[in-house]
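Below: the structure, in structure tokens.
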Amino acid sequence: MSASVAVDPTSRRTFLKQSALAGAAFGFPAVLRAANPNSRVQLATIGVSGQGFTDIHNFAAHQKVAYVGFCDIDTANFDKADKTVAGVPHFTDFRLMFEQLGDKVDAVSVAIPDHMHALVGITAMQRGKHLYCQKPLAQTVWECRQMQRWAKKKNLVTQMGNQGHSSTEYRTATRLIREGAIGKIKEVHCWCPLTGNERTRRLEPPAPAPVPAGVNWDLWLGSAPYRPFAPSVYHPFAWRDWQDFGGGAALGDFGCHLLDPVFTALDLQAPLTVAADNSGINRQVWPVMQTVHYEFAGTAFTAGKTLAVTWSDGGLRPDRKLAALPADVQLPNLGSLFIGETGTMVLPHIAGPRLYPREHFADFKYPRDLKGLNHWHRWIDGILGGPPTTAGFDYAAPLSEAVQLGNIATRVCLPPPPQRGSNTQRARDVNTLRWDSANLRFTNHDAATALVTKPYRAGWVVPAA
Ligand SMILES: NC(=O)c1ccc[n+]([C@@H]2O[C@H](COP(=O)([O-])OP(=O)(O)OC[C@H]3O[C@@H](n4cnc5c(N)ncnc54)[C@H](O)[C@@H]3O)[C@@H](O)[C@H]2O)c1
């Protein structure tokens, strides 16, 4: 673990200049291509507990990282971060941190609730900071697109925090699909057992309560519509359940993990259509159970002109018969199922892929040569001129947009079908949203198009690229 170290500003400036020149000469982006062994990436993390703590732990283990800032709206959280890297300056307000640190920061990692990813991330990118942002990239489709555009405009090295992407298991699975182990893919299912309001089990906000000492509630709310503080239902962690802050404990939280190998293996881009069924939704929290039906344009790795991808949560999951599983094998609790022309792949999150029917693959040699990459270090190495990141925003934005399109379909979903004589097919037909990705609109549903973005609290508007 590297401690917070002082970097000689003169040698640093020379290094950055040399790197930029080298980059320009070779047509590289303005990253630090001419590696100077003495240079470090000066890093600040915004949101230092929860996943932020895991991120700090991983970044601090990189020899070339020098931490220059910890930022959190809850001062109680600094103690634990300080035990990982001592002596790092503390900030409560990310805007003041950028103002005070100026050029002392090269790169920023963001691990705060989803509703503030775009504002904080874009504030960093506008200032030329390389960005590691937790998944999903942002809370709305429009924000995801702006994150991608700002990264491109400023020529930055980016990585989304869907670390499973770099795991041996997911890398092996995507390779098997791309090498045709089960033929071209006809259909995909992803499922997660969590419910949309898993953390609070509420339908409406509770009574207000005083804000605890050390918490800056106004900064926590940021761009979201004002609401009073209440304990245990927003900060920390439980914010996911609320439409104003997260994307549901299931799709918003796990969509970028479980759909990730599907996007990577099949080269998916924006869906053509999206539709959803659910167990009932109000304007506050996410539904207990939902299914989202995506249709994507076919690719070199799919069997048809289009590909159906189905997301299920809250205990819903695909029929195990689809997987051609032997009687003694269960579907995993959460994961993906690829149905190919010549077999199926079950990919648990995160464990090794398995191919079925068993008898077809009895002699199959699963590759053992793919090693996991360090998702966090890959970003630091990318900044220092190493290989490109694996989940940069050109990849992460379309993936996150698909997650948020599913959330839109859920929000405009028809009322749940009757219990008996079930009618989910009817709901789907009536409510299929046709997505025009280039123009960020649905061609057949104005109310859904209105949800592509969100209203911002005065003073907290996300700037378009
Ligand atoms: N990659 C993964 O496996 C993984 C796992 C969990 C969470 N996440 C993602 O990480 C992010 C954070 O989730 P979490 O579960 O850690 O949430 P959390 O609420 O537990 O922690 C968020 C942290 O950010 C701080 N914070 C909140 N708003 C802030 C602001 N405006 N400025 C500075 N600090 C702020 C909080 O005080 C807290 O320390 C989310 O986007 C989530 O989706 C990713």
Side-chain angles (χ1 to χ4, degrees), residues 44-58 69-82 90-98 108-124 131-139 143-144 147 159-167 170 192 194 198-200 211-212 214-224 229 231-242 244-258 260 334 349-350 375-376 379 391 396 399-400 403-404 407 457 460 462:
T45 287
I46 303 177
V48 302
S49 76
Q51 183 61 27
F53 181 73
T54 304
D55 292 346
I56 289 171
H57 189 78
N58 280 283
F70 285 155
C71 177
D72 203 291
I73 57 87
D74 186 344
T75 53
N77 290 329
F78 288 125
D79 200 33
K80 205 169 148 198
D82 288 346
H90 297 169
F91 301 88
T92 305
D93 186 329
F94 66 97
R95 298 163 299 186
L96 290 181
M97 183 182 85
F98 286 126
V108 172
S109 79
V110 171
I112 61 179
D114 301 353
H115 69 284
M116 282 290 279
H117 284 188
L119 185 57
V120 173
I122 288 173
T123 304
L131 183 62
Y132 185 100
C133 184
Q134 268 309 325
K135 54 80 206 161
L137 204 49
Q139 198 202 7
E143 287 181 341
C144 293
M147 291 282 266
Q159 179 93 309
M160 184 168 77
N162 55 331
Q163 67 279 355
H165 184 87
S166 297
S167 67
Y170 272 15
C192 170
L194 298 176
E198 175 91 11
R199 309 294 163 193
T200 62
V211 179
V215 172
N216 187 325
W217 180 239
D218 191 56
L219 267 172
W220 188 95
L221 277 175
S223 56
F229 177 83
S232 311
V233 291
Y234 307 125
H235 165 71
F237 199 71
W239 48 266
R240 308 163 145 68
D241 286 10
W242 304 92
D244 277 353
F245 309 126
L251 183 57
D253 228 2
F254 278 86
C256 284
H257 288 312
L258 301 182
D260 168 50
L334 69 167
H349 180 75
I350 285 175
H375 200 68
W376 295 264
W379 176 59
L399 170 61
S400 301
V403 165
Q404 302 307 359
N407 279 331
R457 203 150 65 102
W460 300 88
V462 171

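Both counts, for ligands and for their atoms, begin at 1 and track the order of listing. For reference, positions follow the sequence shown, starting with 1.
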Contact (N/O only, under 3.5 Å) between Gly52 and ligand 1: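 Gly52 vs ligand 1: no N/O contact under 3.5 Å.
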Do ligand 1 and Pro113 have nitrogen or oxygen atoms that lie under 3.5 Å from each other?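 Min N/O separation from ligand 1 is not below 3.5 Å for Pro113.
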To which of Met160, Gln163, Arg240 does the heavy atom nearest atom 2 (C) of ligand 1 belong?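 The nearest heavy atom belongs to Gln163.
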Which is closest to atom 42 (C) of ligand 1 by heavy-atom distance: Lys135, His235, Met116?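 Nearest option to atom 42 (C) of ligand 1, by heavy atoms: Lys135.
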Does Gly222 have a non-hydrogen atom less than 4.0 Å from ligand 1?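 No.
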With a 4.0 Å cut-off on heavy atoms, is Phe53 in contact with ligand 1?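 No heavy atom of Phe53 comes that close to ligand 1.
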Whether Trp220 and Tyr234 hold their rings parallel, tilted or perpendicular, with breakpoints at 30° and 60°: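 Trp220 and Tyr234: tilted rings.
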Can you classify the ring geometry of Phe94 versus Trp460 as parallel (below 30°), tilted (30 to 60°) or perpendicular (above 60°)?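 Phe94 and Trp460: tilted rings.
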Could you tell me whether [X] approaches ligand 1 through its side chain, its backbone, both or neither, with non-hydrogen atoms closer than 4.0 Å?
X: Phe94; answer: neither
X: Asn77; answer: side chain
X: Thr92; answer: neither
X: Gln134; answer: side chain
X: Ile46; answer: side chain
X: His257; answer: side chain

Could you tell me whether Arg457 and Asp218 make a salt bridge, using a distance below 4.0 angstrom between a side-chain N and a carboxylate O?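 Yes, Arg457 and Asp218 are salt-bridged.
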Tell me whether Asp253 is salt-bridged to Arg240, with the criterion being a basic N under 4.0 Å from an acidic carboxylate O.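 Between Arg240 and Asp253 there is a salt bridge, with a charged N closer than 4.0 Å to a carboxylate O.
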Just so I know, are the side chains of Phe254 and Leu334 near enough to count as touching, which here means a heavy-atom distance under 4.5 Å?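 Side chain of Phe254 against side chain of Leu334, heavy atoms only: contact under 4.5 Å found.
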Specify the protein heavy atom at minimum distance from atom 12 (C) of ligand 1: its residue, its atom name, and the distance to 0.1 Å.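 Its nearest protein heavy-atom neighbour is Ala111 O, 3.5 Å.
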My understanding is that only residues two or more places apart in sequence, or in another chain, count here; which of them pass salt bridge (charged side-chain N to carboxylate O under 4.0 Å, His left out) with Asp82?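 Asp82: no salt bridge (charged side-chain N to carboxylate O under 4.0 Å, His left out) contacts found.
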Mind checking salt bridge (charged side-chain N to carboxylate O under 4.0 Å, His left out) for Asp74 and listing every partner two or more places apart, or none if nothing turns up?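 Per chain and number, Asp74 pairs via salt bridge (charged side-chain N to carboxylate O under 4.0 Å, His left out) with no residue.
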State, to 0.1 Å, how close Cys256 and Leu399 come at their nearest heavy-atom pair, and which atoms those are.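 Closest pair (atom of Cys256, atom of Leu399, distance): O-CD2, 3.8 Å.
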Nearest 0.5 Å please: distance from the OG1 atom of Thr200 over to the CG atom of Asp241.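 Here the interatomic distance stands at 3.5 Å.
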